[in-house]
Structure formats: C-alpha cells, structure tokens
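Chain identifiers are assigned alphabetically (A, B, ...) following the order of the sequence lines, protein sequences preceding nucleic acid strands; residue numbering begins at 1 within each chain.
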Amino acid sequence: MEHRDDIGAKLGMWVFIFTEILLFGGLFLVYAIMRNNYSKEFHEAAHHLNAFIGTINTVVLLLSSATVAMSITAVQKGNNKLAVILLFATLVCAAVFMVNKYFEWGHKIHIGLYPGSDLMMTLSHGQVMFFSLYYFMTGLHMFHLVVGGIILTIVMIKVNSGAINTGKYVLLENGGLYWHLVDLIWIFLFPLLYLIT
Amino acid sequence: MTEEKTHHPEPSYLVDTGKYKGLMAWLTSTDHKRIGLMYMYAMMIFFSVGVILGVVMRIELFFPGEQIYGPQMYNGLFTLHGIIMIFTVVIPGLAAVFGNFSMPIMIGAKDVAFPRLNLFSFYLYVLGAAIALSSQFMGNGPPDTGWTFYAPYSIQTHTNVVAAVFGAFVLGFSSILTGLNFIVTMHRMRAPGMTFFKMPLFPWSLYATAWIQVLATPIVGITLLMIIAERWLRIGFFDPALGGDPVLYQHLFWIYSHPAVYIMILPAMGVITEIIPTFAQRRVYGYKAIAISSLAIASVGYFVWAHHMYTSGMSTTARWVFSLLTFLVAVPSAIKVFNWVTTMYKGSISMRPPFLFALGFIFLFMIGGMTGLSLGALATNVHVHDTAYVVAHFHYIVFGGVGFAFFAAIYYWYPKMYGRMYNFKMANWSFVFLFSGFNLLYFPQFIIGIMGMPRRYFDYLPQFTLGQQLSFFGAVLLVIGFVIMLITLFSKKGEKAPDNPWGGRTFEWGVPSPPPVENFEVMPELAENEGPYDYK
Ligand code: HEM
Ligand SMILES: [Cu+2]
C-alpha cells in the first residue's frame with residue numbers, strides 16, 4: 001500500500017522528540033532536586049569537570065547542527081553531492097565529540113572516579129550524586145548521539161544513491177530534527193554540569 | 001456513509017493474500033486489524049494467567065495462617081499478578097486491541113499512519129512481556145516488590161528485579177510508539193468532511209490517551225533505568241543508604257503511573273460512549289462535553305499523582321493541593337457518566353450483551369470512582385491507605401471498569417472482526433456470572449479494608465475470615481463467567497453476521513463484516529450536515 005505523507009512523517013518525529021525531551025526531563029528533575037539538597041557538594045564536585053573539553057564539544061555539536069541544516073538546503077537545491085559532504089562533516093563532528101568524551105571519561109575512570117569505585121565511596125553523598133548524574137546523563141546523551149549518528153549514516157547513503165532527492169527528502173529532515181534534539185539536550189547538559197560551579 | 005452492498009468482491013482481511021500463509025501471514029502482517037487481533041489473543045492469554053495467579057492468592061487467603069505456601073511466595077504472586085495485569089493487559093489494553101482494529105475504520109482510513117511501526121510496537125510488546133516473565137525463571141527468584149518497585153526495597157532485594165523492570169521499560173516503549181502512531185493517524189487520515197469535532201468519541205478518547213502515552217511514559221522509562229543503574233552501579237538515586245531519596249522515587253513513579261490509570265480507563269470510556277448510543281438508537285448527549293472531558297481528564301490527570309503518597313512524607317500544602325486536584329479530575333469523569341445516562345433517556349433500548357456490559361461498566365466504575373474520592377480525601381486516606389479498601393477500589397476501576405469495557409468491546413465488535421454472530425443467551429449468562437462474581441469478590445474487601453485488613457499480606461486476623469471467604473467464592477463465580485465467555489466466543493462458529501448487526505452509525509458498520517484488507521471499497525465522506533451519531 002503506497003501512501004506518502006511527509007507532513008505526517010514530520011509530525012511523528014516531533015511527537016517522538018517530545019517523548020525524548022520528557023525522558024531527559026525526568027533526569028533534569030532529579031538533577032534539580034539533588035542540586036537543591038546538596039548545593040555545596042555539587043559546587044565542589046563541578047570543579048572536577050574539564051570545562052575546556054566541554055566547551056570544545058559544545059562548539060563541535062553546534063557546528064554539526066549547522067552542517068545538517070545546510071545539507072537539507074543542499075538537497076532541496078538538488079545538490080546531493082554537497083549534501084553528502086555536509087552530512088559527512090556532521091558525522092566527523094560526532095566522532096570528535098565521542099573521542100573527546102572518551103578522553104574525559106577515561107581520565108576520570110583512570111583516577112578511580114566512577115560509580116561504585118572505592119574512591120567514590122569515600123566522597124560525600126552529594127558529590128557521589130553529582131558524579132553519578134554526570135555519568136548517567138552524559139552517558140544517555142552519548143547513546144542518543146550514537147543512534148543519531150547511525151540514522152544520519154543511513155540518510156547519507158540514501159542521499160548518495162539518490163533515494164533521497166529534491167522531491168523526496170523527509171527522511172533527511174527527520175534525521176536532522178533528531179540530530180538537533182541531540183544537540184539541544186547537550187546545550188542544557190553543558191551549563192548544568194560544567195559551568196554552574 | 002457508504003451505501004448497502006450486496007456483493008463483496010474484495011477478499012476479507014482474514015484471508016491470506018500475501019506471500020505467506022497461516023501463522024506467518026499474521027506475524028508479518030502490517031494490517032491494523034490483524035495487529036489488533038494479535039494483541040487481543042496475547043492479552044487474553046496474559047489475562048488468563050493473571051486470573052489464575054489471583055485465584056491462587058485467594059486460595060491461600062481462604063483461612064488465616066499459612067495454608068499451602070508462605071509469605072515469600074505470596075509476595076512473588078502479587079508482584080507477578082500486578083505486573084502482568086497492569087503492564088501487559090490494561091495499559092496497552094483497549095487502545096492496542098480496539099484502537100488498532102476499529103479506530104482507523106471509524107475515522108475512514110485504510111490503516112494507521114505508520115503500519116510497519118505498528119507491527120514493531122507489537123513485537124516490542126511481546127519482547128517486553130517475555131523479558132518481564134523471564135524474571136520468574138532466572139536470577140535469584142521471582143521479584144517480590146509489588147508492581148510498583150518501590151525503593152529502597154527494590155534496590156535491596158536479592159530477587160530478580162532488573163528483568164521485571166527492564167521488561168516494563170520495553171513495554172513502555174511499545175506504548176509510546178502506539179500513541180505516536182495514533183496521534184499522527186488521527187491528525188492526518190480522517191475522512192474528508194470529518195473535522196475533529198465530528199470524529200467519533202472512541203477515537204477522541206484514544207487521542208487523549210495517546211498524548212498521555214507519549215508524554216508520561218518516558219518519565220517512568222527513565223525512572224526504571226535509574227533503578228537498574230542503582231542496582232548495578234550503586235548510584236544512589238533512591239536508596240537512603242547510598243545518599244538517595246526514596247520519596248523522590250515515589251514521585252517519579254506516580255508521575256507516570258497515575259496518568260497510566262487514564263491510559264487504561266479513557267479508551268474504556270470511549271468504547272462505552274460508542275455502545276450506548278448504538279443500543280439506545282439515540283444521538284450522544286453532549287458530544288462536545290464528552291470529547292473535551294477526555295482532554296480534561298488527560299491534562300488534569302497529570303497533576304494528581306501525589307495522592308498516592310499522602311502518608312509518605314510531604315508538606316501539608318502539597319497534600320491539600322494534590323487532594324484538591326484529585327477532586328477536580330473527578331468532575332470530567334462524572335460528566336461522562338451523566339452524558340451516558342442522559343443518552344439513554346427516551347431511547348429505544350435493545351438489551352444486547354454489549355449494552356449489558358456497558359451498564360455493568362457504569363455501575364462498577366461509579367463504585368470505583370466514588371471510593372476513589374474517599375481515598376483522595378486526606379483524612380480518610382490516612383485511615384485506609386494500604387488496606388484491602390485500596391485493593392477493592394482499584395479492582396473496581398481496572399477490572400470493573402477497564403475489564404468490563406473490554407468485554408463489552410469484544411461483544412460489540414466481534415461480528416465485525418470475524419463476520420460471525422455469537423449466542424446471545426450464553427453471552428448474557430457470562431455477564432450474570434462475571435458481574436455477580438465480581439461484586440462478591442471485591443465488595444467484601446472494602447469492608448474488611450475499613451476494618452483494618454492490610455494490603456499485600458498473606459495472613460490475617462480471624463475477624464477477616466468471612467470477608468476473605470466470600471471473596472474466594474466470588475472469584476470462583478468470576479472464573480466461571482470468564483470461561484463461559486470464552487466458550488461463547490471461540491468454541492464454535494456462529495451464524496453469519498450482517499454488516500451492521502446493531503444498527504450503528506459510525507463508519508465501521510458501513511463496511512462488510514469482516515472488512516476487506518483496505519477497509520473501504522468506496523472511501524467514506526461526511527457531508528456538511530452529517531455527524532458521527534445521526535440517530536434521531
Ligand atoms: C479473578 C480475578 C482476580 C483476582 C482473584 C485478583 C486477586 C488479587 C489479589 C488477591 C491481590 C493481592 C491483594 C493483596 O494482598 O494486596 C491482587 C492484587 C492486584 N491485582 Fe488482582 N485479581 C484479579 C484480577 C485483576 C485484574 C483484572 C487486574 C488489572 C487489570 C488486577 C490488578 C491487580 C493489581 C495491580 C494488584 C496489586 C499488586 C500489588 O500489590 O503490587 N487484578 N489481586
Ligand atoms: Cu492516582
């Protein structure tokens with residue numbers, strides 16, 4: 001049964017994005033409550049995060065959102081080649097983000113700062129809470145980044161083969177929407193975890 | 001409305017036309033009608049298992065003291081019973097079965113907006129149920145936390161909580177995707193001329209439900225993930241021993257699980273709203289009030305969750321605010337009851353089995369609702385919280401309400417589903433047994449609850465014996481009723497059903513029974529002056 005409805009498809013994606021926002025919303029709520037309960041400890045613990053890497057990652061993600069948006073315009077104008085390059089750039093940004101995160105997490109785990117570690121058990125409840133939330137929130141975000149990356153890879157292949165083209169690009173738009181969501185969540189995580197000290 | 005047709009050239013959806021035959025043809029079908037039926041079969045199996053577990057608990061409760069098994073087994077039983085009944089039966093419930101089977105036809109669509117996603121939801125449902133059930137056979141024994149997984153016990157118990165929690169998470173994901181699908185379907189695929197305020201009221205109730213599914217389920221999703229993280233990684237979200245806050249868990253849990261009650265009951269109300277005008281041959285009284293009350297229930301229902309937590313440690317202000325909101329959410333529910341009853345007024349009522357069950361629904365739902373108000377009031381709640389009174393209350397809502405609406409819906413749409421009628425006499429007998437059994441089973445629980453019988457106890461003081469034994473006999477009657485119903489529906493083929501056995505006016509009664517694969521031979525339309533319920 002061939003039935004095509006681009007507006008419907010986009011509506012579906014928006015509804016899904018609402019769901020995702022509420023998924024993280026639950027975590028933001030926990031963060032808010034814990035920050036209220038343990039504001040001093042959160043303050044101290046936040047100093048241990050590397051705001052520099054955080055900033056780089058923010059810039060990288062913002063850039064990737066721009067390239068995705070540009071790739072949509074490129075496809076609309078019939079320039080699939082450019083769109084593929086832009087999507088590839090997006091994926092490179094995602095990879096840079098992941099590598100940065102790898103070093104960031106790796107360093108913390110190396111010094112023994114991870115959930116359940118001996119070092120963690122010696123910290124105050126509030127600090128443990130902060131680091132736990134840090135791992136949980138950025139971990140869940142990373143999972144979404146990987147999913148978004150997989151979606152964009154599929155989209156890129158389809159743009160390349162011409163299955164996505166000027167007349168039919170709702171999949172690309174939806175992939176882009178999802179990517180913006182991943183970006184948006186980070187925009188909230190970054191100040192909450194790295195900047196408010 | 002489509003005109004009468006004497007020839008049915010299109011094959012019905014029950015005939016395999018694709019490349020597979022038999023079971024495979026069903027398991028790979030993206031036809032919304034087949035998916036609806038598959039949900040129905042799965043739910044009937046789960047429901048039967050849940051009922052058996054309930055009866056096994058009732059047997060133990062026949063006399064005070066330990067009879068055939070001890071407390072640990074009882075804890076495991078009510079947990080499994082709760083998980084099965086809540087997460088695999090009533091939450092997907094009427095939306096998954098009749099939302100899938102009937103809703104697209106009722107709004108004049110060929111299918112849902114995303115048929116493959118729909119099949120995917122079904123598989124997630126099966127997968128989630130399988131994971132939840134695997135908790136019984138793996139790890140350190142069946143979970144014993146109750147279906148609510150309250151922290152800190154759910155963090156500390158050695159039983160296999162993670163599997164059950166993860167199963168619930170996957171089931172939630174399935175529910176979200178169904179909701180998403182229905183929202184887009186109702187926005188984009190209504191028949192020409194069918195504005196939102198000409199949409200039948202069962203789809204309306206599904207629309208409100210779908211928004212709750214999409215906006216509330218992720219909260220419990222993340223909460224369940226936090227439970228898993230806390231058990232595996234000792235992240236102290238909820239366990240005070242790890243620096244966490246157990247009351248926070250209760251908030252997060254009920255932020256979803258109260259709205260979940262509306263995920264269950266709204267489609268049930270929607271079905272009743274279809275059945276009553278059909279069998280009274282009357283236009284629905286107060287169409288807009290019913291449609292809007294669905295949305296009102298969905299939105300106010302978001303903000304009442306903490307009425308489950310009056311005794312858990314909250315400020316007095318929070319308590320009275322939540323109590324007030326709880327009373328407010330009862331208003332739109334009462335509006336519906338008022339409208340149903342008024343629709344019947346001066347109607348030409350035909351007492352067919354679906355109508356009988358709809359009446360049963362109204363009666364039981366009212367008892368459930370009123371006792372809900374007494375639970376929503378602070379002073380009485382403190383007295384009866386966590387007693388058998390609560391057990392009786394929620395069974396009146398989820399079983400007397402959702403369950404009876406489910407039975408009503410099966411009897412209502414069965415001729416459309418299979419193109420066959422069933423034996424009305426048998427169906428009426430099933431009602432007699434189910435209805436009397438139900439009341440005999442649960443009404444005594446109100447009384448012993450007020451007398452002080454606690455909830456989730458395998459043992460009790462001698463003064464509760466009579467009540468518990470009456471409940472046992474009620475359960476027996478209930479099971480007999482259920483078996484009669486299964487025999488009525490599935491034992492032998494009834495006579496051929498006409499396209500419109502009840503004289504209904506919504507689109508599904510204008511298509512053949514059973515409908516062809518694409519539902520309509522001529523796509524239906526609503527003219528300017530037509531509404532969904534033009535009886536008289
Ligand atoms: C023959 C039918 C049924 C019987 C005999 C039955 C019996 C019981 C019993 C004995 C309990 C334990 C009460 C306690 O000790 O606290 C219970 C709990 C419960 N039942 Fe049923 N029940 C039946 C049907 C249903 C249905 C249809 C639903 C929902 C659709 C349901 C949902 C629940 C829930 C959610 C609990 C609470 C579990 C918990 O405390 O965690 N039951 N039921
Ligand atoms: Cu509630």
Distance flag, aromatic centroids of B/His308 and B/Phe253, threshold under 6.0 Å: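 Ring centres of B/His308 and B/Phe253 not closer than 6.0 Å.
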
Please classify the contact of [X] with chain A as side chain, backbone, both or neither, using a heavy-atom distance under 4.5 Å.
X: B/Leu252; result: side chain
X: B/Leu242; result: backbone
X: B/Phe114; result: side chain
X: B/Leu215; result: both
X: B/Ile176; result: side chain
X: B/Trp232; result: neither

For the pair [X] and [Y], name the ring-plane relationship: parallel under 30°, tilted 30 to 60°, perpendicular over 60°.
X: B/Phe169; Y: B/Phe173; value: parallel
X: B/Tyr262; Y: B/His258; value: perpendicular
X: A/Phe18; Y: A/Trp14; value: tilted
X: A/Tyr134; Y: A/Trp105; value: tilted

In terms of heavy-atom pairs under 4.5 Å with chain B, which of [options] leads?
options: A/Gly26, A/Gly126, A/Gly8; answer: A/Gly8
options: A/Phe24, A/Phe136, A/Tyr38; answer: A/Phe136
options: A/Ile7, A/Ile21, A/Val128, A/Leu133; answer: A/Ile7
options: A/Asn37, A/Leu29, A/Thr19; answer: A/Thr19

Contact class of [X] relative to chain B, heavy atoms under 4.5 angstrom:
X: A/Leu140; result: side chain
X: A/Ile33; result: side chain
X: A/Tyr114; result: neither
X: A/Met34; result: side chain
X: A/Phe16; result: both

Whether the [X] and [Y] side chains hold a donor-acceptor pair (N or O, under 3.5 Å, no angle test) is what I'd like checked.
X: A/Thr67; Y: A/Thr90; value: yes
X: B/Asp239; Y: B/Gln156; value: yes
X: A/Trp186; Y: A/Thr58; value: yes

Can you see which heavy atom on A/Val68 is nearest to which on A/Gly176, and at what distance?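 Smallest interatomic distance, heavy atoms only, reads CG1-CA, 3.3 Å.
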
Would you check if A/Ile72 and A/Glu173 make a side-chain contact, meaning some heavy-atom pair closer than 4.5 Å?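 Side chain of A/Ile72 against side chain of A/Glu173, heavy atoms only: contact under 4.5 Å found.
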
Identify which of B/Leu233, B/Ile219, B/Leu180 forms the greatest number of heavy-atom pairs closer than 4.5 Å to chain A.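 The answer is B/Leu180.
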
